[in-house]
Amino acid sequence: AKEKATSLKRYASQNGYDTKYCFLVDYSLPSGTPRFFIWDFATSKIEYSDYCMHGPGKGSTVSTPVFSNEIGSKCSSLGRFAIRKNRYGKKLGVNRSRLMIGLDKTNSNAQSRGILIHDSHFLDGQIFLPRRYIPLNGGSCSGCVTITTEGFKKVKKVIASSSKEILLWAYCECEER
């Protein structure tokens with residue numbers, strides 16, 4: 001996480017994004033463990049961690065996510081995203097979602113796909129059951145960065161505290177093989 005955050009801070013500085021915080025998603029970690037992180041650049045540490053679902057499309061399983069940038073794939077995408085401060089999903093609204101804009105070739109269709117960072121009540125109910133993987137749920141996640149309700153409250157506070165857009169980097173060690 002530290003290596004990704006350091007790289008993301010350089011990118012944020014060079015491109016006019018927030019340099020106080022970033023969000024990281026490590027899809028190589030099992031979904032039944034926290035794999036969404038709020039990184040504080042000042043302390044160079046994870047300030048908060050949360051559970052995060054991956055999309056169910058193209059043969060994804062609970063243990064092996066499949067990634068895609070394809071419209072209609074219902075897969076999560078990898079790469080860097082900018083979180084739109086005042087843009088959100090119409091269904092979930094301002095209290096439960098923010099629009100994500102893909103900044104890399106691996107996620108350039110994020111806006112066309114309607115990819116969001118949002119909460120899910122389904123996920124809230126799953127985290128209290130000890131398990132290695134959270135079941136896939138296409139109603140709760142179709143490729144978005146889907147976190148718990150409590151986690152999204154913290155994300156909203158970070159977004160509101162900044163005058164600039166926050167960056168998110170979704171990665172998986174499988175992308176580097």
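Bear in mind the structure is a predicted one, so any value in this text is a computation, not a measurement.
Side-chain N/O atoms of Q111 and R84 include no donor and acceptor closer than 3.5 Å. For N107 and S77, the side-chain atoms include no donor-acceptor pair closer than 3.5 Å. A donor-acceptor contact closer than 3.5 angstrom is absent between the side chains of S60 and H54. Side chains of D50 and T148: a donor on one and an acceptor on the other come within 3.5 Å. Side-chain contact, S120 with R96: no donor N or O sits under 3.5 Å from an acceptor N or O.
Interatomic distance, L136 CG to S63 OG, rounded to the nearest 0.5 Å: 9.0 Å. Taking OH of Y48 as the start and NZ of K157 as the end, the distance is 11.0 Å to the nearest 0.5 Å. Once rounded to the nearest 0.5 Å, the distance linking SG of C141 with CD1 of I134 reads 10.5 Å. Expressed to the nearest 0.5 Å, how far CG of L8 lies from CG of L24 amounts to 6.5 Å. Here E150 contributes atom CD and D124 contributes atom CG; the two are 9.0 Å apart, rounded to the nearest 0.5 Å. Taking CD1 from I38 and SG from C22, the interatomic distance works out to 10.0 Å, rounded to the nearest 0.5 Å.
Closest heavy-atom contact between G79 and T106: CA-OG1, 3.8 Å. Taking each heavy atom of C144 and G114 in turn, the nearest pair found is SG-O, 4.1 Å. Closest of all the heavy-atom pairs between S76 and G55 is OG-N, 2.8 Å. Closest of all the heavy-atom pairs between L29 and P34 is CD1-O, 3.7 Å.
The shortest side-chain heavy-atom distance between S7 and W169 falls under the 4.5 Å cut-off. In this structure, D40 and K45 have side chains that are not in contact, with every pair of non-hydrogen atoms separated by 4.5 Å or more. Using a 4.5 Å cut-off on side-chain heavy atoms (C-beta onward), L78 and C172 make contact. In this structure the side chain of V155 reaches within 4.5 angstrom of the side chain of I147, judged on heavy atoms. Residues V145 and M100 are in side-chain contact: their nearest non-hydrogen atoms beyond the backbone lie under 4.5 Å apart. In this structure the side chain of L103 reaches within 4.5 angstrom of the side chain of L167, judged on heavy atoms. Counting heavy atoms from C-beta on, the side chains of Y17 and Y11 come closer than 4.5 Å. Annotation: side chain of L123 is not in contact with side chain of S140 (no heavy-atom distance under 4.5 Å).
At a threshold of 4.5 Å between side-chain heavy atoms, the hydrophobic network of Ile, Leu, Val, Met, Phe, Trp and Tyr places I46 and F41 in one connected group. Criterion: ILVMFWY side-chain heavy atoms under 4.5 Å apart, direct or through other members. Under it, Y51 and F122 are part of a common hydrophobic cluster.
No donor-acceptor pair closer than 3.5 Å links the side chain of R35 to the backbone N or O of D26. Looking at N69, its side chain does come within 3.5 Å of a backbone N or O of S108 through a donor-acceptor pair.
Contact check on R80 versus D104 returns a salt bridge, with a Lys/Arg side-chain nitrogen under 4.0 Å from an Asp/Glu carboxylate oxygen. Taking a cutoff of 4.0 Å between a charged side-chain nitrogen and a carboxylate oxygen, R113 and E70 do not qualify as a salt bridge.
Test I166, I83, I159 against D18 for side-chain contact (heavy atoms from CB on, under 4.5 Å) and you get one pass: I166.
Taking the six-membered ring where tryptophan is involved, the planes of F67 and Y27 are tilted, since the angle between them lies from 30° to 60°.
For NZ of K85, the number of neighbouring non-hydrogen atoms (other residues, nucleotides, ligands) closer than 6.0 Å is greater than 12.
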Exercise. For F23 and F36, what are the C-alpha separation, side-chain angles and deciding distance, and is it a ring pair (Phe, Tyr, Trp, His ring centres under 6.0 Å)?
Worked result: CA-CA 7 Å; F23 306 131; F36 170 85; 5.7 Å; yes

